2 protein chains.
Amino acid sequence: MERSRPQTNRWDDLAADWCPVARAMSVIGDRWTLLIVRDCFLGKSRFDQFQTSLGVTRHILSDRLKRLVEAGVLERNPYSQKPLRYDYQLTDKGRDFAPALVGLKDWGKRHMPIRKPAAG
Amino acid sequence: MERSRPQTNRWDDLAADWCPVARAMSVIGDRWTLLIVRDCFLGKSRFDQFQTSLGVTRHILSDRLKRLVEAGVLERNPYSQKPLRYDYQLTDKGRDFAPALVGLKDWGKRHMPIRKPAAG
DNA sequence: GAAGGTAGGTTCCTTTTCTGAACGGAGGGT
DNA sequence: ACCCTCCGTTCAGAAAAGGAACCTACCTTC
């Protein structure tokens with residue numbers, strides 16, 4: 001189960017930063033992680049729900065969920081025994097993301113109108 | 001001056017999302033962008049200041065600053081004429097990031113203790 | 001007036017990460 | 001037996017990031 005990662009892990013660099021914002025970015029500093037957390041707040045909890053909602057590749061989703069569990073933001077729990085299946089639930093640490101998420105939501109709502117995809 | 005970017009631009013995908021958090025991520029959805037904004041709040045404004053503070057490569061810093069200006073979060077202004085030099089200042093849109101940034105700071109402060117780098 | 005320094009980038013090559021699509025495993029339904 | 005669901009993993013190729021060197025324009029020192 002050992003994930004071998006390259007030596008130069010850019011996520012870990014930020015985890016040692018003096019600034020709490022930088023340390024927060026060591027968890028959510030990529031395109032998808034925060035959106036997974038958002039989906040959890042919206043009641044989603046299963047792999048395929050995230051995958052469908054976000055359109056992220058299964059590969060990366062798997063990695064991000066592992067990181068979030070490792071970071072203590074999500075918990076991986078079995079929700080079915082006979083076909084053994086797990087889902088992901090916010091921990092207290094994850095739920096404490098609410099204010100930051102609301103801050104980002106408000107900013108996006110005020111300053112980022114929906115840009116149409118570049119379809120002809 | 002035309003920056004040619006590949007067709008599959010993941011930043012733009014999020015800009016068309018229904019969710020304001022996702023649209024916010026279309027601007028700050030990477031490791032560095034939000035930290036540049038943070039540095040601006042801390043009074044930094046020049047290329048080399050960001051570079052020294054963040055340790056990001058000049059290549060990427062240059063790209064992120066351009067994106068932030070394009071997105072209307074920062075303004076690029078000349079601060080010296082004879083050696084023509086520019087710096088980067090927060091716009092109103094950028095300053096409106098404060099609540100989200102504070103939310104992230106609080107979360108990081110509460111939940112992310114400084115992790116020592118893996119030095120022997 | 002050449003040598004070296006400063007500020008703000010750009011260019012080039014290598015390393016790392018992400019995507020896209022296929023595959024796997026463990027069970028369920030018919 | 002065969003296909004379906006869910007939760008992933010694997011692999012090749014594309015994109016992005018890292019690292020170091022280089023460039024431009026001006027200024028200072030010799």
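Scope of the values below: all heavy atoms of this structure, side chains included, with no hydrogens, waters or symmetry mates. Below, chains carry the letters A, B, ... as their sequence lines are ordered, and counting in each starts from 1. Keep in mind the model is a prediction, meaning the values are calculated, not measured.
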Q) So what does A:Phe50 touch, heavy atoms closer than 4.0 Å: a base, only the sugar-phosphate, or nothing? A) nothing
[X] [atom1] to [N] [atom2], straight-line distance once rounded to whole Å:
| X | N | atom1 | atom2 | value |
| --- | --- | --- | --- | --- |
| B:Gln49 | C:dT6 | CD | C1' | 13 Å |
| A:Tyr86 | C:dA26 | OH | C1' | 12 Å |
| B:Gln51 | D:dA17 | CD | C1' | 14 Å |
| B:Arg31 | D:dG18 | CZ | C1' | 11 Å |
| B:Leu65 | C:dG8 | CG | P | 10 Å |
| B:Tyr79 | C:dT6 | OH | P | 13 Å |
| B:Ile60 | C:dC12 | CD1 | P | 16 Å |
| B:Asn77 | C:dG8 | CG | P | 13 Å |

Does [N] have its OP1 or OP2 closer than 4.0 Å to a side-chain nitrogen or oxygen of [X]?
| X | N | result |
| --- | --- | --- |
| B:Ser62 | C:dT10 | yes |
| A:Arg67 | C:dT17 | no |
| B:Tyr88 | C:dG9 | yes |
| B:Trp11 | C:dC18 | no |
| A:Lys82 | C:dG29 | no |

Besides B:Leu42, the hydrophobic cluster formed by Ile, Leu, Val, Met, Phe, Trp and Tyr side chains linked at under 4.5 Å, directly or via other members, contains A:Trp18
Let's see if you can work this out: which of [options] has an atom nearest to the side-chain heavy atoms of [X]?
| X | options | value |
| --- | --- | --- |
| B:Pro83 | D:dG18, C:dG9, D:dC26 | D:dC26 |
| B:Arg46 | C:dG9, C:dG8, D:dT9 | C:dG8 |
| B:Phe47 | D:dC27, C:dG20, C:dG9 | C:dG9 |

With sequence neighbours left out, the residues meeting side-chain hydrogen bond (donor to acceptor under 3.5 Å, both in side chains) with A:Arg85 are none
Exactly one candidate in A:Arg67, A:Lys66, A:His59 meets side chain to side chain contact (heavy atoms under 4.5 Å, CB included) with A:Asp63; the answer is A:Arg67
Closest to the 5' end of DNA chain C, once A:Leu84 and B:Asp87 are matched to their nearest nucleotides, is B:Asp87
Ranking B:Arg64 and B:Arg85 by the position along DNA chain D of their nearest nucleotide, the one closer to 5' is B:Arg64
Sidechain N-carboxylate O distance under 4.0 Å for B:Asp87, B:Arg76
no
Pair of N/O donor and acceptor under 3.5 Å linking C:dG8 base with B:Arg58 side chain: yes
*How about B:Arg95: does its CZ atom have over 12 heavy atoms from other parts shown lying under 6.0 Å from it?*
yes
